[in-house]
There are 4 protein chains.
Amino acid sequence: MDTAATEGVEGHRRVTRPRADAVRNRERIVAAAREMFVETGADAPLDEIARRAGVGNATVYRHFADRAELVRQVVLSVTERIAGQAETARAEEPDAFAALRRFVHAAADERIGALCPVLSDGFDQNHPALLAARDRLEKSIEGLMEQAREEGMLRADVAVGDLMVALSQLSRPLPGIPCPDIDRFVHRHLQLFLDGLQAPARSELPGSAATFEDLQRKP
Amino acid sequence: MDTAATEGVEGHRRVTRPRADAVRNRERIVAAAREMFVETGADAPLDEIARRAGVGNATVYRHFADRAELVRQVVLSVTERIAGQAETARAEEPDAFAALRRFVHAAADERIGALCPVLSDGFDQNHPALLAARDRLEKSIEGLMEQAREEGMLRADVAVGDLMVALSQLSRPLPGIPCPDIDRFVHRHLQLFLDGLQAPARSELPGSAATFEDLQRKP
Amino acid sequence: MDTAATEGVEGHRRVTRPRADAVRNRERIVAAAREMFVETGADAPLDEIARRAGVGNATVYRHFADRAELVRQVVLSVTERIAGQAETARAEEPDAFAALRRFVHAAADERIGALCPVLSDGFDQNHPALLAARDRLEKSIEGLMEQAREEGMLRADVAVGDLMVALSQLSRPLPGIPCPDIDRFVHRHLQLFLDGLQAPARSELPGSAATFEDLQRKP
Amino acid sequence: MDTAATEGVEGHRRVTRPRADAVRNRERIVAAAREMFVETGADAPLDEIARRAGVGNATVYRHFADRAELVRQVVLSVTERIAGQAETARAEEPDAFAALRRFVHAAADERIGALCPVLSDGFDQNHPALLAARDRLEKSIEGLMEQAREEGMLRADVAVGDLMVALSQLSRPLPGIPCPDIDRFVHRHLQLFLDGLQAPARSELPGSAATFEDLQRKP
DNA sequence: TATGAATGAGATTTCATTCAT
DNA sequence: CATGAATGAAATCTCATTCAT
């Protein structure tokens, strides 16, 4: 009560300032979780995540109500970092397809593939914060693809969802195989896939172009 | 298999009954397991697999010593079916790249993607029966790729391991997303990837070409 | 499959005959749970219940999907036994109030008090099997009270819910106090309460008469 | 209390500040705990109690060494309030049985029933402060009962422990059922029970009369 | 032989209690 | 002194595997 009052004097901050060590712990937990998801898969034991983060297991539950919330934070965090990569690539690369190439490889390095296994079971794809981050990402990629098409560098029959799904799949960790090993291949295969995206089309694509909504829709 | 034959040799009891229902049970179990691995992932409960196969859980253990052995049989079964597809494609298609395209799509339909989650933990990639099946598959694909390269339809810097890894990744089920939904995309993305494999190369590939040995080697 | 066929020859029984030891285990678990609920309260650890029943903890979960279902079975079991007591009392006692007295004491001996802690949290009062058992019990008690009123032995302003709630409350275990100790008092207090039920009324009762529906209705 | 006084004697710092807010906090905590015990049961989470009291959880531990001490304070507080009710009733009511009736209903309103679930496990019934409060209460009730017996309004075979146990049991909250609902019945049943206490006895009571010592004795 | 039942080890989650700000 | 954060111990529940019919 006293401290809160003291705080209130200077603060527009919510109520009380979040403690420095608590913030650090929270970040460490998210980082450890992302690593574990990449290595072990989406069902990595929470106790192990806590151990890696250097905290007790209950501390994880102080920061995240349950496993689902931790997963959501990891997804959110990675999505935001990737959106940043997309924006940087767009700003710094000379042409749109070059920006797409750079984004794709950067997203792989950010472990976008780790998000896939994580989408299991009861994952709420429609959480507000997540939708916002996705929207931001979608806008960037869609802009890049539009421009690349105009520049004649991208075949007309692929959509943003096609790119995102393939990118995620190709950079997914192979469970039980350590990252350095799989990383040897990932960038090769992304490069091959990007080559396939360049016009002109060699073959007719089956199915319909995938959009971001397709990825969000749960059955 | 062995036991049934041996039994027939010496047995006066029940004479030459090859245990038709036991064989059928075994097949049903493998089929159910493959389905579950595709739908639910590699950690599908054995009890559920047994239920789907219409047998008691203990029956699974009569046929397969433990979970690892069941997984191995599924992998073996799928590998053999895929090898068959490769041989058929080679025999029936006019040119090698057309055969590769056909094989790739056929393998996706055979749920080659189900094999990936299966690589988890302590999976023994070097089991004799498995090595034989892989060898047979490798021979076919390698032959097809060699020929396609000679026909000027395949860029020179990709190896059999590149194709197999990318094929597996792109056709992996997205956990929590039902097969029909993901199937809508898989063939599109495989087609795009195949387009990227066709010469001439648009970009330089990073890393080194992947071989089958790369996939077998466990750390 | 074979055994099932063999079974089918003679059987109208459901599918397969429940194993003798499984039935015994199930009964032991319910009995142990009832004891524990009486002694420790409704949140008695399942592991402890399993230990008392002489089975592993997972066995409890084979018979009852979760804690709630076990609780429901205990409630059902006690309700049915008590309904039986009511019917016996009605048949064997000379007058209705004597039958009520006998029923009340018998219900206490059957640990009707154990049912109270059981009403906690998410207990589904409206489960079909439970409603049926309650209905049977209600019919008996209502009949007894009606008759007792006609015989001039029961004041007119009490209803079946009044009796059941008071009976349950007065025979509830005092947590932390062993049964033998509390049992010393229970029958005294029930007797006093029954004396209060006999006409003529000494005082006016506040509130409204409680019915069985009052007890079932959840907020 | 002690500390505040001592502080005032020697302290130049802050002079005679009796820590008004600390006292208020302590009272709020006890009140919140009593409410929670009534609503949720004896195992109400301390964090929730703290939240209701509008303090941090650690503040609870500043005032009460552990959960047992908080529980003891709640019991003590309720006991003292009830003792007060008994004395008031004795002073203001015309005859002893009327005073008993008034006391019983007042005690129910003071949530004497909340004390029962609280007696669980390792509750130390023999703590000095508690014994004193009980003694005070016992004296009052015993006096009332003695006098009522002399006035021919109370059957001879009931003792103070009988009344206290029955009163506590009948006013216990039914877990999972909100107070307003159960309160509808409590006063009815207390009234019925009191009617049963009035002479002449309709039936012979089993067991022996309960005294306060019976309630205190732990096994 | 095939089956339902049983089991212990492990995962998630909660909570009384201690620590650091 | 008061607080939010941290913690380990315990409770619920799941599942691969073994046992008994």
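Below, chains carry the letters A, B, ... as their sequence lines are ordered, and counting in each starts from 1.
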**Study point:** 5'-to-3' dot-bracket of DNA chain F (Watson-Crick, G-U; under 3.5 angstrom; crossing pairs as [ ]; | other strand)
**Key:** .||||||||||||||||||||
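- A search for salt bridge (charged side-chain N to carboxylate O under 4.0 Å, His left out) contacts involving Arg67(C) returns nothing, not counting sequence neighbours.
- Whole-Å rounding puts the Phe64(D) CZ to dA2(F) P distance at 12 Å.
- Ala129(D) meets the side-chain contact (heavy atoms from CB on, under 4.5 Å) test with Leu76(D), His127(D); sequence neighbours excluded.
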Determine all donor-acceptor pairs shorter than 3.5 Å in which one atom belongs to a side chain in residues 50-65 of chain A; sequence neighbours excluded.
residue: Arg51(A); atom: NE; partner: Glu48(A); partner atom: OE1; Å: 3.4
residue: Arg51(A); atom: NH2; partner: Glu48(A); partner atom: OE2; Å: 2.8
residue: Arg52(A); atom: NH1; partner: Glu35(A); partner atom: OE1; Å: 3.2
residue: Arg52(A); atom: NH1; partner: Glu39(A); partner atom: OE2; Å: 3.4
residue: Arg52(A); atom: NH2; partner: Glu39(A); partner atom: OE1; Å: 2.9

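- Applying the salt bridge (charged side-chain N to carboxylate O under 4.0 Å, His left out) criterion to Glu69(A), with sequence neighbours excluded, gives no partner residue.
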Exercise for review: For nucleotides 7-14 of chain F, just jot down a letter per nucleotide in 5' to 3' order: B, S or -, based on protein non-hydrogen atoms under 4.0 Å.
Suggested key: BBB-SBBB
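- For the residue pair Ile49(C) and Ala32(C), the shortest heavy atom distance occurs at O-CB, 3.8 Å.
- Straight-line distance from the CG atom of Leu70(B) to the C1' atom of dC15(F): 15 Å, rounded to whole Å.
- Remark: Arg28(A) pairs with no residue by the salt bridge (charged side-chain N to carboxylate O under 4.0 Å, His left out) rule, at least two apart or across chains.
- Taking side-chain N and O atoms only, His63(D) has no distance below 4.0 Å to OP1 or OP2 of dC1(F).
- Residue Glu69(D) contributes atom CD, which lies 15 Å from atom C1' of dA16(E) at whole-angstrom precision.
- In this structure Arg34(D) satisfies the side-chain hydrogen bond (donor to acceptor under 3.5 Å, both in side chains) test with no other residue, sequence neighbours excluded.
- With sequence neighbours excluded, the residues forming a salt bridge (charged side-chain N to carboxylate O under 4.0 Å, His left out) with Asp21(A) are Arg19(A), listed by chain and number.
- Distance Asp21(A) CG to dC19(E) C1': 10 Å, rounded to the nearest Å.
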